[in-house]
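Down below is the structure, laid out as structure tokens.
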Amino acid sequence: MKFQKSSFGEFLLSGRCAFISGTYGILNSHFIYRYLSLKNHHFVAEYFNPYGLILSVLLVVVHWTLWVVVADITMVADLESRNYVRVSFEKVYGSLEGLNMKTVIFSEVSSQVVYRSWFGTLFVTALASYSITLYFVLGYKIMSSLNQGLDYMSDRTLQMQRRLFWALAIQTAIPICVSFMPCILVLYGSAFRIDFLSWVNWMSSVAVSFFPFLDPLAITMCLPTLRHRIFCRLRNISPNFSNRVYSSSRI
């Protein structure tokens with residue numbers, strides 16, 4: 001099968017990579033919603049639908065768009081970049097001709113390529129790092145509020161909120177481990193000439209691909225109601241619906 005290089009193909013490749021940033025936007029929205037629902041639940045109940053939902057979608061789109069634009073401009077595989085990686089790439093993967101690809105090169109090329117690569121790398125790192133910082137800050141505030149107790153919530157509701165928070169914490173750890181860390185290893189390993197073994201690069205790409213499977217699995221296994229449903233289905237037992245998960249804005 002013969003591949004054909006095109007600008008549109010490289011743009012689509014940038015879009016595929018940008019879904020990593022989109023996951024950060026989704027988690028940002030989730031943390032902000034969870035924090036506001038505890039601190040000002042009346043405001044959330046009144047304005048989240050539809051305004052908050054629309055803003056959440058826009059936040060994800062902004063994250064995705066920024067990554068696409070920066071990756072498409074700064075990580076472009078021009079002739080100089082292709083010639084630089086040609087020998088090592090073709091030794092492992094075969095012919096480079098006609099492939100759509102994105103590259104960052106930090107040395108032994110023109111200063112324009114080096115500056116462009118560093119700008120793109122630092123930008124996507126900052127975009128991901130601010131999101132992770134937001135997770136920890138809001139996560140700490142949410143857990144502090146739950147530990148102190150809230151006047152308008154019963155003990156049962158607080159327990160449910162704690163379970164939801166831990167599910168959210170695990171959902172947050174997953175993209176850090178399978179998206180953020182692999183990308184950091186690949187980008188900065190090249191920048192500082194750290195010669196990782198080949199299996200590290202293979203495992204990084206596999207880890208990123210696992211995110212769509214691990215994310216829903218975490219929320220399913222952490223919440224008792226959903227977990228019981230799964231195991232009851234496997235055992236052909238009718239699930240007990242006495243424990244339900246309600247929206248916090250309605251409690």
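With rounding to the nearest 0.5 angstrom, the OG atom of S7 is 11.0 Å from the CG atom of L12. Distance check, rounded to the nearest 0.5 Å: OG of S129 to CG of L122 gives 10.0 Å. For the atom pair OG1 (T103) and CE (M101), the distance works out to 5.5 Å, reported to the nearest 0.5 Å. Atom-to-atom distance recorded for Q112:CD and Y115:OH is 11.0 Å, nearest 0.5 angstrom. Note that OG of S190 and CG of L185 are 10.5 Å apart. Values are rounded to the nearest 0.5 Å. Here the CG atom belonging to L138 is positioned 4.5 Å from the CG atom belonging to L134, to the nearest 0.5 angstrom.
A single hydrophobic cluster is not seen to contain both I32 and W64; linkage of ILVMFWY side chains at heavy-atom distances under 4.5 Å, directly or through other members, places them apart. By the criterion of side-chain heavy atoms lying less than 4.5 angstrom apart, applied directly or through intervening Ile, Leu, Val, Met, Phe, Trp or Tyr residues, F136 is not grouped with I26; the two fall into different hydrophobic clusters. In this structure, M181 is a member of the same hydrophobic cluster as W67, with clusters built from ILVMFWY side-chain heavy atoms closer than 4.5 Å. Both L96 and Y84 belong to a single network of hydrophobic side chains, linked directly or stepwise wherever heavy atoms of I, L, V, M, F, W or Y lie under 4.5 Å apart. One hydrophobic cluster, built from ILVMFWY side chains closer than 4.5 Å, holds both M143 and F31.
Distance alone, capped at 3.5 Å, is enough to place a donor-acceptor pair between the S117 side chain and the I105 backbone. Under a 3.5 Å cut-off, the side chain of N83 and the backbone N or O of L79 do form a donor-acceptor pair. Side chain of S37 to backbone of R34: a donor-acceptor contact under 3.5 angstrom is found. Between the N100 side chain and the L13 main chain, no donor and acceptor come within less than 3.5 Å of each other. Side-chain N or O atoms of S88 include one that pairs as donor or acceptor with a backbone N or O of V85 at under 3.5 Å. Between the side chain of E90 and the main chain of S95, no donor-acceptor pair closer than 3.5 Å is present. A donor-acceptor contact shorter than 3.5 Å is absent between the side chain of S56 and the backbone of S29.
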Test R116 against S81 for side-chain contact (heavy atoms from CB on, under 4.5 Å), laying out the working first. CA-CA 12 Å; R116 190 178 64 202; S81 301; 3.9 Å; yes

Start with the C-alpha distance between L38 and K141, add both sets of side-chain angles, then the distance that settles side-chain contact (heavy atoms from CB on, under 4.5 Å), and finish with yes or no. CA-CA 10 Å; L38 293 176; K141 290 180 177 292; over 6 Å; no

side-chain contact (heavy atoms from CB on, under 4.5 Å) evaluation trace for F180 with I132: CA-CA 9 Å; F180 180 74; I132 292 174; 3.5 Å; yes

Begin from the C-alpha positions of L66 and V124 and carry the test side-chain contact (heavy atoms from CB on, under 4.5 Å) through to its verdict. CA-CA 9 Å; L66 287 174; V124 297; over 6 Å; no

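The closest side-chain heavy-atom distance from D78 to V113 is below 4.5 Å. Between H63 and N28 there is a side-chain heavy-atom pair separated by less than 4.5 Å. Side-chain contact between V137 and Y140 is absent, with no heavy atoms from C-beta onward closer than 4.5 Å. Put simply, the side chain of Y135 reaches to within 4.5 Å of the side chain of Y24, judged on heavy atoms. Side-chain contact between K91 and R86 is absent, with no heavy-atom pair separated by less than 4.5 Å. Counting only heavy atoms from C-beta outward, the side chains of S14 and M75 never approach each other to under 4.5 Å. Taking the side chain as every heavy atom from C-beta outward, P175 and L27 approach each other to under 4.5 Å.
Aromatic ring pairs are classed by plane angle as parallel below 30°, tilted from 30° to 60° and perpendicular above 60°; the pair Y47 and F43 is tilted. Taking the six-membered ring where tryptophan is involved, the planes of F8 and F11 are essentially parallel, since the angle between them stays under 30° and well short of 60°. Ring planes of Y33 and F48: tilted class, angle from 30 to 60°.
More than 12 heavy atoms of other residues, nucleotides or ligands sit less than 6.0 Å from atom CZ of F89. A 6.0 Å sphere centred on CH2 of W166 holds no more than 12 heavy atoms belonging to other residues, nucleotides or ligands.
Heavy-atom minimum distance, L127 versus S21: CD2-OG, 3.2 Å. Across every non-hydrogen atom of V70 and G120, the tightest pair is CG1-CA, 3.9 Å. In terms of heavy atoms, E80 sits closest to S110 at OE2-N, 2.8 Å. The two atoms that bring L187 and F106 nearest to each other are O-CE1, 3.6 Å, heavy atoms only.
Salt bridge present: E10 and R82 bring a charged side-chain N and a carboxylate O closer than 4.0 Å.
Defined by atom type and a distance below 3.5 Å, a donor-acceptor pair is missing between the side-chain atoms of T121 and Y188.
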